[in-house]
Amino acid sequence: MAMTATEKQRYARHLSLAEIGAAGQSRLKNSKVVVIGAGGLGSPSALYLAAAGVGKLALVDYDVVDLSNLQRQVLFTNADVAQSKVAAAAKRLAALNPDIEVVAHDLQLTADNILDTLREYDVVIDGTDRVSTRYLINDACVILGKPLVSAAIHRFEGQALTYLPERGPCYRCLFPNAKDGQVPNCADAGVLGVLPGVMGSIQATEAIKLILGIGELLTGRLLTYDALTTRFDEFTVARRTDCAVCGEHPTILTPQDAVPKSKTTAAQRALISHSTPRQLQLRLGSAAESTTPILLVDVREPHEFERGHLAGCVNVPIGELAARMDELVASLSGSSRGRSSRPDVVFVCRSGGRSLQACEMAVGARLTAVPINLDGGLLAWARDVDPEFVVAPV
Amino acid sequence: MACTVRVASPLRSYTAGAASVDAVGHDIAAVLADLDTNYRGIRFRMIDEHDRIRPHIRLYVNHDAVTSLQQAVHPGDTLHLICALSGG
Ligand SMILES: [Zn+2]
């Protein structure tokens, strides 16, 4: 297909590269790429893929733009806050390059819809922020035989790996298994805003090389980037013959939704108590007289904890809770010494989400005391009880 | 003589934020034991009750993947602790 005069002008710097030229640009135009997660990684990768002239570019997300996204999600502007991410992103990408087709999939990927959603695309880019979704996407790509460019970030560190069907290891070969609770995400731990800019740009580069069939890909090589020390490193990753999805005897033959992280049942979840900030304030005020001692566990990251926490709180970040449950049991028996009953354990975090996850883990780990969630978290505490209380940003 | 341990971002809460620390030991098991005496609890985040590397963790000596805790470590080597990340 002949290029229009405006296309020739738009892609002039590609056309003068011998590795791309008119033939390569036409391959880009005929390619279809899907970016999953319109977040920190998805923003730069989608922008560069649109700019590069990928003919059909799809975005998958189900979230809305939050003001706290704008520190790194460069697809969006202030005016997009509270708007659908994929709708705002589609508008932005179409404005950047009106010659391409942009598709917005406003949905949450599940085992039921993932194969149909990904089927028509040539390359899949994973920029999601949950480890369970990463496995869902990886398994779907292996099953469909689609190349997958993965990247992930945490605080100042990034990782990237490209999966090529039949030619290299998949994400499960790299990390056979991980649970959401073991692997903290950006909302929990914070992230340097420019870090996903680097890693998402690497993902776009991989996708473009893959489409063009040039260069060497991150196949069988895990790339790591430490922004704090400005260090790139790479580690070879071999295909595992016992991989559950791409190995010789796969046990995952269709995509599967993640089992709940702590395998808590509805009956177990019913064991979790809930407390409003005012109820907790009253409970703490009467702690001295109460026969039931109270243990406060703050499951935020240390840097959040340092900025301000409730008196007497212990800090066990959510990502460490599973591994430190024994320690918690030990401190429980310590704090109940001399009292007649077992302590109540109250989990707190910034907004009540991580602490609820902690309550579920406590139930799953059979921590005998009934876990109590501070509903609304410390933000609610600052709003309803102590306006002076400083709640650190994540 | 010590080897250098490069610490994955999610494990730096144990090392007071340090990206790189020193440890001694003739093999991986010894290095991890030494690491754990200085940064209590860090080993259990990587190695389970059956002395297996957890499935969301990878260890490399220099650039060789560690498959056994008996793998030798030499002075001046770098042990990389790599942890699955989920942020996007
Ligand atoms: Zn695999």
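Keep in mind that the numbers below use all heavy atoms, side chains included, and drop hydrogens, waters and symmetry copies. Because the structure is predicted, anything quoted here is derived from the model rather than measured.
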Do A/Arg155 and B/Ser9 make a side-chain contact, defined as non-hydrogen atoms from C-beta onward lying under 4.5 Å apart?
yes
Within 6.0 angstrom of A/Phe232 CZ, more than 12 heavy atoms from elsewhere:
yes
Would you say the side chain of B/Arg54 lies within less than 4.5 Å of the side chain of A/Asn177, judging by non-hydrogen atoms?
no
Closest heavy-atom contact between B/His63 and A/Thr236?
O-OG1, 4.0 Å
Kindly give the heavy-atom pair with the smallest separation between A/Pro176 and B/Pro55, and that separation in Å.
CD-O, 3.1 Å
Which of A/Leu228, A/Leu195, A/Val237 touches chain B most, by non-hydrogen pairs under 4.5 Å
A/Val237
Minimum-distance pair of heavy atoms, taken over all atoms of B/Ala84 and A/Tyr171
CB-OH, 4.1 Å
Side chains of B/Ile82 and A/Leu222, heavy atoms from C-beta outward: is any pair under 4.5 Å?
yes
Starting at OH of A/Tyr135, measure out to OG of B/Ser86 and round the result to the nearest 0.5 Å.
10.5 Å
Where on B/Asp64 is there a heavy atom nearer than 4.5 Å to chain A: the side chain, the backbone, both, or neither?
neither
Using 30° and 60° as the class boundaries, would you call the ring planes of B/Tyr60 and A/Phe235 parallel, tilted or perpendicular?
tilted
Largest heavy-atom contact set with chain A, pairs under 4.5 Å, which of B/Arg12, B/His56, B/Arg6:
B/His56
Examine whether an atom of B/Ile57 lies under 4.5 Å from a heavy atom of chain A, and if so say whether it belongs to the side chain, the backbone or both; otherwise answer neither.
backbone
Closest heavy-atom pair, A/Ala152 versus B/Leu85, reported as atoms and distance to 0.1 Å, is CB-O, 3.3 Å
Test item: A/Gln159 side-chain N/O and B/Cys83 main-chain N/O as donor-acceptor pair under 3.5 Å
yes
Note: vs chain B, highest number of non-hydrogen pairs under 4.5 angstrom among A/Thr224, A/Asp233, A/Thr133 is A/Asp233
Which atoms of A/Arg324 come close to chain B, meaning under 4.5 Å heavy atom to heavy atom: side chain ones, backbone ones, both, or neither?
side chain
Looking at every heavy atom in both A/Asp226 and B/Ala19, which two are closest together, and how far apart are they?
OD2-CB, 4.2 Å
Is chain B contacted by the side chain of A/Gln73, its backbone, both, or neither, given a heavy-atom distance below 4.5 Å?
neither
If only atom types and distance count, is the side chain of B/Arg45 paired as donor or acceptor with the main-chain N or O of A/Glu320 below 3.5 Å?
no
Shortest non-hydrogen contact from B/Pro10 toward A/Glu157
CD-OE1, 4.5 Å
